[in-house]
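Take a look at the structure set out below.
Every chain is numbered from 1 and lettered A, B, ... according to where its sequence line falls, protein lines coming before strand lines.
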Protein chains: 2
Amino acid sequence: MTALNNDIFKTIDPDRRGTTSEEVISQLREMIHRGELRPGDRLPPERDLAKLLGVSRPTLRAGIRSLAAVGVLQSRQGAGTFVVKADGPPSLDSSPLRLMASLHGFTSAEMFEARQSLEMAVAGLAAERATGDQMASMSEEVAGMFASLDDPEQFLIHDVRFHQTVASASGNRILTSLMNMVATILFDTRIKTVKRATDLKESAEMHRHVYRSIRERDPEGARAAMREHLERAQRAWELEKEVAADGSPADGSNGNGAGGAH
Amino acid sequence: MTALNNDIFKTIDPDRRGTTSEEVISQLREMIHRGELRPGDRLPPERDLAKLLGVSRPTLRAGIRSLAAVGVLQSRQGAGTFVVKADGPPSLDSSPLRLMASLHGFTSAEMFEARQSLEMAVAGLAAERATGDQMASMSEEVAGMFASLDDPEQFLIHDVRFHQTVASASGNRILTSLMNMVATILFDTRIKTVKRATDLKESAEMHRHVYRSIRERDPEGARAAMREHLERAQRAWELEKEVAADGSPADGSNGNGAGGAH
DNA sequence: TAACCGGAAATGGTTAGACCTTTTCATGCG
DNA sequence: CGCATGAAAAGGTCTAACCATTTCCGGTTA
C-alpha cells in the first residue's frame, strides 16, 4: 500500500523556509497546480501520507485543514479526504468575505453596490453570449416569479435561480463565483423578510425587463435594467429596515443582511 | 489568568451538531461577528483558551488554523494569536481563487475578462467619487510611468499603484478586495515578462486617458478607457505568449499567469 | 440466485502529554 | 541610562493511543 504510484509525493526537507505545516500546504497546492491531484481524487490515508511527506500526522492534518478551510479539500470521517469535485459552477466560500465584513464594518450599502456592479457586469456579458437554452431558462424563471406572487418563498427560489442563470450565461465562471460570494452574504436574512405582494410584482417586472434586454442582445440595456432592478431592491430593503427599526433600538454594528425581493 | 474578563468564552456543549473543531470555529466566528474580538486583539494563549472552551489543544489549534487559512487570524510563534489588523485596504487571500483556477481549468482569457469587468466598475465609481487627493495620487502615478519608460520594473510599480488608487477611489472596499484578488493572480508572472518600450508608452497613455476621464467626472468615459486599456494589455500579452510558445510545445494545462504592461 | 444484514477493517476525529523554537520582557550588569 | 542576558510565555511539532464513522466484504436468508 505504500509505493505504488505514490512517488509523486516527495519528502519534505527539514531545512525548509516556513513552518512544517506551511510546507505541507505548499506541497499539496503544487500538486493541484501541476494537475497531479484532480477534482474528485482521494488523497492517501493521513497515516500513509504523513509518512510519505515525512511529517507527523497532526502536522499533516494541519495542512489539510487549511486547504479544507478554503474549500479545496474535503474530509469525510471514515471515507477519506478528497479534492473537491467540480460539479456545477465553482463556488468560493463566502465566510472569509463575511468575516471581513464584520471586521471592517462593511455597510450594507457597500455590499449592495458591489453586488450591483457584479450583476451588471454579468448581465452585460450574458446579453452578448447567452445561448437559446439559457434564455429559455431565464424566461421560465421569470414566468415562475409571476406565478408565485402570493408565495414569497417560492418567488425567492425563482429569483435566485434567475440571477444564477444570468451569471452562468455570462460565460465567466470567475465573475459568477464572485457574484455568488457577495450574493450569499446578502441572502442570509433576505429569506426571513416579509414581502408585500406589490413589491413582488414590481420585482418580477424588472426581471422580465432584464431578460428582454438579454434576448434582444442589448448589453447596455441589460446593464441598465439590472441596475434599476437592484437599486429598487435596495431602496425597498432600506425602507423595510427603517420600519423594522421603529420601536426597537437599531443595532449600530454589523450592518449586514438584506431583505426584500431582488 | 483564567477568569478576568474572559467569560465571553463559553464552554462547548458535547452534544453539538458538527465536529468539535467546527464548533470551535463557530464560536470564534460568532465572537468576531458580535464584535467581542476586534482587529488587532490577541486571543488568550492556546492552553488557556482550550480549557475555557472545554476542548483539547490540538482541536482548538485546528479551529484557529482554519480561520488563519482564510486570513482572519494570524499566529506568531512566541507572541500569540491575533485577529488580523485592518490596516489599509482589507484584502482577501487570493490562493483560494488560484486553486480554484487550477481545479476548474480557468483560462487566462476568463481571468482577464473578470479583471476587466471589475476594473471598469471601480473606474466608473471612482469617476463619481474620487477626492482631490486621490486624483492627485493618480496623476502622480501616471507621471511616474512616463518617467520609467526605460525601467519596466519601476513602471510596473506605478502601474499597480495607479490601479490600486483608482480602486480605493471607488469607495467600495468589497469591489477593491475582489479586484485585488483577481489582479494578484494575474500579477504573478507579469513581473517576469519582458516588456518593450513601445508597449510601456502606449500603456502610460492609456492610464492617462483613464485618469483624465475620472478627473472630468465622466464615469462612462472612465469605463471605456479602462476597457480599452485592459483589452490592449490582454492582446499584448497574448502576442507575447504566442512568441514565447514558438519552439517549445505549449503547455495545455493551467492557462494561468499573465504579462505585459497593464 | 438475489437481497439483506452484520461485523471487521479502513479512515478521519479527538485527546493527552511532552518537548522544541521563537518571541517577549524584566532583571541586572556595565 | 542603556544594552545584554536569561527566564518565562506562547505557538509549533511530535508520539501514541483511543473514539466515531464509513465502507465493504462475506455470510445468511428469503
Practice problem: Report the C-alpha separation of B:Leu28 and B:Val72 in whole Å, then their side-chain angles, then the decisive distance to 0.1 Å, and conclude whether the side chain to side chain contact (heavy atoms under 4.5 Å, CB included) test is met. | Solution: CA-CA 10 Å; B:Leu28 295 174; B:Val72 176; over 6 Å; no

Practice problem: Step by step, work out the side chain to side chain contact (heavy atoms under 4.5 Å, CB included) result for B:Leu67 and A:Leu99. | Solution: CA-CA 10 Å; B:Leu67 291 174; A:Leu99 283 167; 4.0 Å; yes

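With no hydrogens or angles considered, a side-chain donor-acceptor pair links B:Thr59 and B:Ser56 at under 3.5 Å. A:Asn172 and A:Ser170 share no side-chain donor-acceptor pair at under 3.5 Å.
Mapped onto DNA chain D by nearest heavy atom, B:Arg65 and B:Gly80 fall at different nucleotides, with B:Gly80 at the one closer to the 5' end.
One atom, CD of A:Glu22, and another, C1' of D:dG11, lie 13 Å apart when rounded to the nearest Å. In this structure, CD1 of B:Ile64 is placed 13 Å from P of D:dT13, rounded to the nearest angstrom. The distance from atom CD of B:Glu46 to atom C1' of C:dC19 is 15 Å, rounded to the nearest whole Å. Distance CG (A:Leu49) to P (C:dG13): 13 Å, rounded to an integer number of Å. Protein atom CG of B:Leu43 is 12 Å distant from nucleotide atom P of D:dG12, rounded to whole Å. Spacing between atom CG of B:Leu60 and atom C1' of C:dT15 amounts to 13 Å, rounded to whole angstrom units. As a whole-Å value, the separation of B:Arg47 CZ from C:dT15 P is 16 Å. One interatomic measurement links the two molecules: CD of A:Gln74 to P of C:dG13, which rounds to 11 Å at whole-angstrom precision.
B:Ser21 has a side-chain polar atom (N or O) that falls below the 4.0 Å cut-off from OP1 or OP2 of C:dT14. Contact annotation: A:Arg61 side-chain N/O to C:dG13 OP1/OP2 distance is under 4.0 Å. The shortest distance between the side-chain N/O atoms of A:Ser75 and the OP1/OP2 oxygens of C:dG12 is not below 4.0 Å. Distances shorter than 4.0 Å separate none of the side-chain N or O atoms of A:Thr20 from OP1 or OP2 on D:dG12. Look at B:Thr59 and you won't find any side-chain N or O under 4.0 angstrom from OP1 or OP2 of C:dT14.
For B:Met138 against B:Ala169, the heavy-atom pair with the smallest separation is CE-CB, 3.7 Å. Of all the heavy atoms in A:Val182 and A:Ala114, the pair that sits closest is CG1-CB, 4.5 Å.
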Exercise. Mark up nucleotides 22-27 of chain C, 5' to 3', with B wherever a protein heavy atom is under 4.0 angstrom from a base atom, S wherever such an atom reaches only the sugar-phosphate, and - elsewhere.
Key: BBS---

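Shown are B:Leu178, B:Leu175, B:Leu118; of these, the side-chain contact (heavy atoms from CB on, under 4.5 Å) with A:Ser117 is made only by B:Leu175.
Side-chain atoms of A:Arg57 come within donor-acceptor range of the base of C:dG13, with a qualifying N/O pair under 3.5 Å.
Among the atoms of the strands shown, base atoms are found under 4.0 Å from some heavy atom of B:Pro58.
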